[in-house]
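Worth knowing before you read on, the calculation uses all heavy atoms, side chains too, and leaves out hydrogens, waters and symmetry mates. Every chain is numbered from 1, with letters handed out A, B, ... down the list of sequences.
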Protein chains: 2
Amino acid sequence: MSRTIYEVAKKANVSISTVSRVLNNSGYASEATRAKVIVATEELGYRQNRIAKSLRNQQSNFIGLLVPDIANEFFASLASSIELTLRHYGYNLFLCNTRESQEIENHYIESLLDNQVQGIIIVSAGRKPKPSLFKCTTPIVLVDRLGPELNKLNSIFIESENEKGGVLAAKAFLKRGAKRFVFLGDQRNMRAMSHRKKGFSETLFSHGVSETDYCEMMIPVSAVIARHEVKDFYEAFPFDAIFCGTDNIALGAMRGLYDIGLEIPTDVQLIGFDGIQLGEFTVPGISTIRQDTHLMGKVSSESIVKMIRGDESRGTILLPVEFIARGTTK
Amino acid sequence: MSRTIYEVAKKANVSISTVSRVLNNSGYASEATRAKVIVATEELGYRQNRIAKSLRNQQSNFIGLLVPDIANEFFASLASSIELTLRHYGYNLFLCNTRESQEIENHYIESLLDNQVQGIIIVSAGRKPKPSLFKCTTPIVLVDRLGPELNKLNSIFIESENEKGGVLAAKAFLKRGAKRFVFLGDQRNMRAMSHRKKGFSETLFSHGVSETDYCEMMIPVSAVIARHEVKDFYEAFPFDAIFCGTDNIALGAMRGLYDIGLEIPTDVQLIGFDGIQLGEFTVPGISTIRQDTHLMGKVSSESIVKMIRGDESRGTILLPVEFIARGTTK
DNA sequence: CTGAAAGCGCTAACAT
DNA sequence: ATGTTAGCGCTTTCAG
C-alpha cells in the first residue's frame, strides 16, 4: 500500500489537517510547518489518494469523452487535442471508444456517472440516448454529432460550418469543369451530413446544374464499404465529381474508383471532408474540406470546463472550415 | 446528487448491509428481502458510487493503458481490442496518450497510481521510466516496446515475432528479384526494430547479398519525416527494395519515392510492418508484415487480469506475424 | 496558526 | 437471515 496522510503527519509532527492544508494550499500554515510537511511528504514519497479525495469532495477530477471510433484519425486527433487542453486545466481524461454502438455508449455514460466524472464530452454514436442522461445534472458538451433527442439536453453543441464546407466543395468542382455530381455521405452523422449535402447541392443547382446531374447516397462511415458501394453506384450513375462526407469514405471511394479502372482526377474528381493527415500521403493526395480538430478539441474542453465552473450560457458554436486542394481535383 | 445506499435501505425497510449484500451478491439474503431491495433500487434509480466502493475496497475497477500515439492506427486498434477484452472481464479502461513523450508517460503513471488502478498496460514511449514505477506493487504488462531499464520490471512482456517478420520480408524481396536493399526503421522502438532488422539483414546475407548492397537508417515514426528522408537517402544509396519498420513509415516512404518520380513496385519494391487497414486502400496497396493487434490486445488484457488475480508467472509472450502481399511488391 | 472530530458512501467483520 | 458498527483516506468546519 501507498502511504497515507497520517504517516506524513506523524513524521512531520503535525496533525493531518495541517498536512491537508499545506498540500492543497488551503487555509493557513506557517512557513516553518509548511516546510516540515513538504520535507516529510518527499521523504515518504507520499502522494494523495485521489479516490479518498474524490469521495470527500463528491467529485473526481475526471472528464469523460465518448468517441465513436478511436481508430478514425479524425476522432483520434480530436481526442488528442481534448486531452491536451484538459490536462492543462488539471483534469484527467477518461476516453471511451463506443464503436458506433448506442449500447456501448449508454454503458459508458453510466460508468462515467458512477465514477463521479465532472463532465462528459460526447461525439454520439446514435440517436436514442439513455433517458438517465436527461436527468443527470453533470455538464454535457456535444460535439460534431447531434441526434434529434440530444438537442433537448441543456448542453453546449460544437460543430464545424458544415454547410459552408458543402458550398466550398461545389464551387471547387464547378471551377474545375465538373458536370455530373455525387454526394456520398455518412449514414450516422445525419445532421452534419445533411448540412454538407445542402450546401453542396444548393450551390450546384444555383449555378445551373440540373437535377438529373446530381445524385446522393448515404452509407456507413467505412472505407471498406465505400470502396465496394462506389462501384455499383458508378455503374448506375456515371459521374465526374464526387464529394465524400468524410475522408475515410473518400479513401475507400478512391480505391473503388481505381479498381474499376477510373483515373483520378482525369476521369473523376474527388473531394473529401475532415482533413486527416493521411490524405497528404495517398497518390494522388486527397483534396478535402478541412475541419480544425485542434480548435474543436480546445473549444470543447473549454466549454466543459466553463460549464463545470457554473457558466450558464448554452448554444451552438460554429467552427471554420477550409478547402485544401490536393491531387484529386484538377 | 445521486442516491445513496441509505435511501435504498430506508425505502426497502432493511439495513444498508442487506442492500450491499443483495447488490453485490455476497452473503445471505432471503428471496423476499432480495426482491424488496431490487425494487427499491430500481424505483430510486440507484447506482453504486464507484468512488466510495473503491475507497473501501482499496482498489478501483480501472486498468490503465499507455500508448505513444493514439492517432496511429496500430495503437488505436490495439487499444480497441484491449478495451473490449477488459470490459468483458468487468474492468474499465483508462486510456492515456503519451505522445511519444517520456514526461507525459511519467505523469500518467503517477496519475494512474494515484487513482488506485489495478494494473497498467504500457506501450512505452521512452527508455527512462520513473523510478517509482519499480517500487510500486501494481501489476504491469509491457507490450511491443521494451527499453533496457524496463526489462528489470517484474512484469509480463508481449511482442510479435519481429525477427521472423524480418526474415519473411527478406525472403519476399529475394523471391521477387530485388538486388539492393534498405531497412528504414523507427528510432523509438529499438528492441523490436533491431529484431526486424536482424531477421531481414541476416537472411539477405545468408542468401548471398553483399554488404555493399544493404543499408539501414533509423528515423522517428512519422510519415512526414519518412517522406522527406527517403528522398535524400535514395540519392545517396539507390535501392530497389525497402523494408520499412512500420506501415506509417512505409506510407511516408512510398509518397517520397513517388515524389522523386520512382515507380512502385517497378523501380522500387516496398514492404511495411504492422498490417494497418489503411494499407489496403493506398494505390498500390502496401505489402506488409501483419501483426495480430486483436490477439495482442487480448493476450495483454488476459495477462494483466491474471497478474491482478495473483498469478506469479512472468516472461515474454511471442505472437505470430504473416506476410501480406499487396501492390508494392511484384 | 493548528488540532480534533465528523462524515463522504460503501463493505465486511461481528453480533444477534 | 439481518443489523450494527468500524473505518477506507481525505477535507473541512469548529475550537482553541
Side-chain angles (χ1 to χ4, degrees), chain A residues 1-38 40-41 44-62 90 110-111 113-118 138, chain B residues 1-41 44-62 90 110-111 113-118 137-138:
Chain A
M1 259 331 289
S2 42
R3 333 228 67 139
T4 74
I5 199 171
Y6 287 94
E7 303 179 54
V8 178
K10 194 173 166 192
K11 178 138 196 162
N13 252 302
V14 295
S15 73
I16 57 164
S17 27
T18 300
V19 176
S20 176
R21 266 186 235 112
V22 171
L23 263 25
N24 296 304
N25 257 306
S26 61
Y28 302 98
S30 72
E31 268 318 310
T33 27
R34 186 171 295 272
K36 275 198 298 184
V37 170
I38 300 289
T41 300
L44 256 24
Y46 168 76
R47 309 214 83 224
Q48 294 186 333
N49 180 326
R50 304 292 318 190
I51 301 280
K53 197 165 176 160
S54 296
L55 178 60
R56 170 63 226 221
N57 293 338
Q58 294 290 295
Q59 58 179 229
S60 71
N61 65 143
F62 278 94
E110 301 278 49
S111 173
L113 261 16
D114 291 352
N115 281 288
Q116 321 285 244
V117 294
Q118 295 220 42
T138 306
Chain B
M1 260 328 290
S2 42
R3 333 228 71 140
T4 74
I5 199 171
Y6 287 94
E7 303 179 53
V8 178
K10 195 173 164 194
K11 177 138 198 161
N13 252 301
V14 294
S15 75
I16 56 162
S17 35
T18 300
V19 175
S20 176
R21 266 184 236 114
V22 171
L23 263 27
N24 295 304
N25 258 305
S26 61
Y28 303 98
S30 73
E31 269 318 309
T33 30
R34 187 172 295 272
K36 276 197 298 184
V37 170
I38 301 290
V39 169
T41 300
L44 256 26
Y46 168 77
R47 309 213 83 225
Q48 296 186 333
N49 181 326
R50 302 295 316 192
I51 301 281
K53 197 166 176 158
S54 295
L55 178 59
R56 171 64 227 226
N57 294 339
Q58 295 291 296
Q59 59 179 225
S60 71
N61 64 143
F62 278 94
E110 301 278 49
S111 174
L113 261 15
D114 291 352
N115 281 287
Q116 320 289 133
V117 294
Q118 295 221 42
T137 55
T138 306

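- Residue B:Gln58 has a polar side-chain atom (N or O) positioned under 4.0 Å from OP1 or OP2 of D:dG9.
- Under 4.0 angstrom from either OP1 or OP2 of D:dC8 there lies no side-chain N or O belonging to A:Thr4.
- Proximity of B:Asn57 to the phosphate of D:dC8: no side-chain N or O atom is located under 4.0 Å from OP1 or OP2.
- In this entry the distance linking CD of B:Glu7 with P of C:dG9 reads 9 Å, nearest Å.
- If you measure from atom NZ of B:Lys10 to atom P of C:dC10, you get 16 Å, rounded to the nearest angstrom.
- Look at NZ on B:Lys36: it is 14 Å from P on D:dA1, rounded to the nearest Å.
- A donor and an acceptor atom sit less than 3.5 Å apart, one in the side chain of B:Ser17 and one in the base of D:dT4.
- Put simply, CD1 on B:Ile16 is 9 Å from P on D:dT4, counting in whole angstrom units.
- Nucleic acid contact for B:Ser54: none, since no nucleic acid atom lies under 4.0 Å from a heavy atom of the residue.
- Protein atom OH of A:Tyr28 is 19 Å distant from nucleotide atom P of D:dG16, rounded to whole Å.
- How far CG of A:Asp114 is from CZ of B:Arg47: 4.0 Å, rounded to the nearest 0.5 Å.
- Each of B:Ile5, B:Val19, B:Asn24 was checked for a side-chain contact (heavy atoms from CB on, under 4.5 Å) with B:Gln48, and the lone residue meeting it is B:Asn24.
- Taking 4.0 angstrom as the limit, A:Lys53 places a side-chain polar atom (N or O) nearer than this to OP1 or OP2 of D:dT11.
- Across C:dT2, D:dA1, D:dG9, the shortest atom-to-atom separation from the side chain of A:Ala29 is found for C:dT2.
- Straight-line distance from the CD1 atom of A:Ile51 to the P atom of D:dC10: 11 Å, rounded to whole Å.
- B:Ser26 comes within 4.0 angstrom of nothing in the nucleic acid, heavy atoms only.
- Residue A:Tyr46 places at least one side-chain N or O under 4.0 Å from the OP1 or OP2 atom of D:dC10.
- Here A:Gln48 reaches the OP1 or OP2 of D:dT11: one of its side-chain N or O atoms lies under 4.0 Å away.
- Rounded to the nearest 0.5 angstrom, A:Gln116 CD and A:Asn61 CG are separated by 12.5 Å.
- A straight line from CZ of A:Arg56 to C1' of C:dA6 spans 8 Å, rounded to a whole angstrom.
- Here the OG1-CD1 distance, from A:Thr4 to A:Ile16, works out to 8.5 Å after rounding to the nearest 0.5 Å.
- Within the 4.5 Å cutoff, the side chain of A:Val22 has no heavy atoms near those of the A:Thr33 side chain.
- Going from atom CD1 of A:Ile5 over to atom P of C:dA5 covers 17 Å, rounded to whole Å.
- Nearest nucleotide to the B:Thr18 side chain, out of D:dG3, D:dT12, C:dC10: D:dG3.
- Contact of A:Arg21 with C:dG3 (side chain to base): a donor-acceptor pair of N or O atoms is detected under 3.5 Å.
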